[in-house]
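Notes follow the structure.
From a predicted model like this one, the values you see are computed outputs, not experimental measurements. We name chains A, B, ... by the order of the sequence lines, and we start the count at 1 in each one.
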Protein chains: 2
Amino acid sequence: MPNSTLYNPHISVDCVVFGFDGEKLKVLLIERRLDEQVDEQSELYNDKKLPGSIILNDEDIDDAASRVLNELTGLKNIYLSQFKSFGNPTRTNNPRDILWLERTTQLKIGRIVTVAYVALIKIDRKLVFNAEDSSANWYDVNEIEKMTLAFDHNTIIRTGLEHIRHRVDVEPHLLFELLPKKFTISQLRILHDVLHQTRSDVRNFQKKVSQMPYLVMLDETEEGVPHRAARLYKYKK
Amino acid sequence: MPNSTLYNPHISVDCVVFGFDGEKLKVLLIERRLDEQVDEQSELYNDKKLPGSIILNDEDIDDAASRVLNELTGLKNIYLSQFKSFGNPTRTNNPRDILWLERTTQLKIGRIVTVAYVALIKIDRKLVFNAEDSSANWYDVNEIEKMTLAFDHNTIIRTGLEHIRHRVDVEPHLLFELLPKKFTISQLRILHDVLHQTRSDVRNFQKKVSQMPYLVMLDETEEGVPHRAARLYKYKK
DNA sequence: ACAAAAGTGTTTGGAGTACACCCATGA
DNA sequence: TCATGGGTGTACTCCAAACACTTTTGT
């Protein structure tokens, strides 16, 4: 439980956590609920938000983002990239959001500037989603556009998606943060296409990846598929 | 003079203002001086810092960056791009910096997270550099690496330079923010090379720019040069 | 006349793109 | 045996890179 001598209530971090299920790009969202009805006009919360937190008084902002992810997933060493800060003074104006903040933090909250991060994780890991005394789930990025999230989190996700698309152009090895340790060329191609918003030719894609020295072919194939099993690869170094 | 009911002392903006003098890339730095000697151990300040400010209570962070630039140069509609926030808790630990902050803001200052922006301006404009009751000057980006600036401003400038280099790859028209309204192809090529850290071939560069529809040839040539005068161009649309 | 930078075409290699068929596997 | 995706090669196009000489102007 946040404590006013430990926390800095002016600055927060929010994480847009991307995952890839083999077909679509997903984002991890926290279910926002307040069960206890404190007074008559308090609504029940039943919407979603990005994982995030106000920062600790002596905490680096990158460390705060790592902490949020670790509390959420139990994992360390997740790929994290700060992409933008959101400081519009009206972003914390919705009474619904203010009430929720003050309930969950036990702090008097005014304006908050949030520093947003993109995180990439392998969706196949069994994750412990128990942060913020609530649960988290994966949602298709395309579905999210139609949902109404807390604060300005729709905008943050949209911007984070653009950011990671640009980053992948410059650093293609980021794709491997989203794939399982062993993967097929098809999975790599589909992920590549989802992020680049293209549809690559299968043969040309094979040609391209065969020139990547850091992609090593394994002596294994996938299992349990109702067709010819594809060769597995791993990312090396 | 800052006033504690108007200003939010937890968040600031800093601007890395780039200019191009025809040869080298420059950054605008404020001379930091405190003339009045308040007590015996107070040093005289004679170093440099980025233009910046803590934000107003109800001010958007982008607006705060615009305000800083307008106060500094008198200009509006300057190209501005937020690139990173710096929130290491030790960045405001230097007693020298703390003292300076409290003197100039008249506020009790703790930790500050700063949101950093890159700005591009045409160096040929006659600018009114009178912000923060001090003066500002252009410095070569390469010289700055050897200087010791206030706070973590060396790091901010280095990161801002990387940022603008990437941006120019994606949006080549940003180059025209740095050039005078009328410019030669040589100027454009030299600026391009400075930012890409390359040395382009003159003929190949001419070929490339001749395919840019937004680059229009004027019926004028440069003047006062001790050699064949080059044709002038302007950027259209 | 000389110094200094402006301006101008061609060739070549590599990368990207388009395109169609047989193969292996499970049901 | 059938349905489903896996895996493979060639030809064409286009862009980037290499490369040298003549022109214009001021001193």
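Checked against side chain to side chain contact (heavy atoms under 4.5 Å, CB included), A:Lys24 has the following partners two or more places apart in sequence or in another chain: A:Asp21, A:Asp140. Take A:Val225 and apply the side chain to side chain contact (heavy atoms under 4.5 Å, CB included) test, not counting sequence neighbours, and it matches A:Glu222, A:His227, A:Ala229. Listed by chain and number, the residues in a side chain to side chain contact (heavy atoms under 4.5 Å, CB included) with A:Thr90 are A:Asn88, A:Asn93 (sequence neighbours excluded). Here B:Val216 pairs with B:Lys234, B:Lys236 under the side chain to side chain contact (heavy atoms under 4.5 Å, CB included) rule; sequence neighbours left out. For B:Phe183, the ring-ring contact (aromatic ring centres under 6.0 Å, His included) criterion is met by B:Phe176, not counting sequence neighbours. The side-chain hydrogen bond (donor to acceptor under 3.5 Å, both in side chains) check on B:Tyr233 picks up nothing, with sequence neighbours excluded. Here A:Phe151 pairs with A:His153 under the ring-ring contact (aromatic ring centres under 6.0 Å, His included) rule; sequence neighbours left out.
Of all the residues in residues 209-233 of chain B, B:His227, B:Arg228, B:Ala230, B:Arg231 reach under 4.0 Å from DNA chain C with at least one non-hydrogen atom. Residues from residues 199-208 of chain B lying near DNA chain D, meaning a heavy-atom separation below 4.0 Å, are B:Asp201, B:Arg203, B:Asn204, B:Lys207 in numerical order.
Protein chain B contacts DNA chain D over a range whose 5' and 3' limits, counting nucleotides with an atom under 4.0 angstrom from a non-hydrogen atom, are D:dA17 to D:dG26.
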Dump every N/O contact between nucleotides 12-14 of chain C and the protein below 3.5 Å, one line per pair.
none

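Under the 4.5 Å side-chain criterion, counting only non-hydrogen atoms from C-beta, A:Phe20 is not in contact with A:Leu120.
Here OG1 of A:Thr73 is found 4.0 Å from CD1 of A:Ile78. Values are rounded to the nearest 0.5 Å.
Atoms CD1 (A:Ile185) and C1' (C:dA24) sit 17 Å apart, rounded to a whole Å.
Minimum interatomic distance between B:Pro51 and B:Leu28 (heavy atoms only, all atoms of both residues): CD-O, 3.5 Å.
Residues A:Arg67 and A:Glu71 are paired through a salt bridge, judged by an N-O separation under 4.0 Å between the basic side chain and the carboxylate. At a threshold of 4.0 Å, the pair A:Arg32-A:Asp97 counts as salt-bridged, since one of the basic side-chain nitrogens sits closer than that to a carboxylate oxygen.
Side-chain nitrogen and oxygen atoms of B:Ser186 include at least one within less than 4.0 Å of the OP1 or OP2 phosphate oxygen of C:dA6.
Counting only residues at least two apart or in different chains, side chain to side chain donor-acceptor pair (under 3.5 Å) contacts with residues 173-182 of chain A comprise A:Lys182-A:Glu220.
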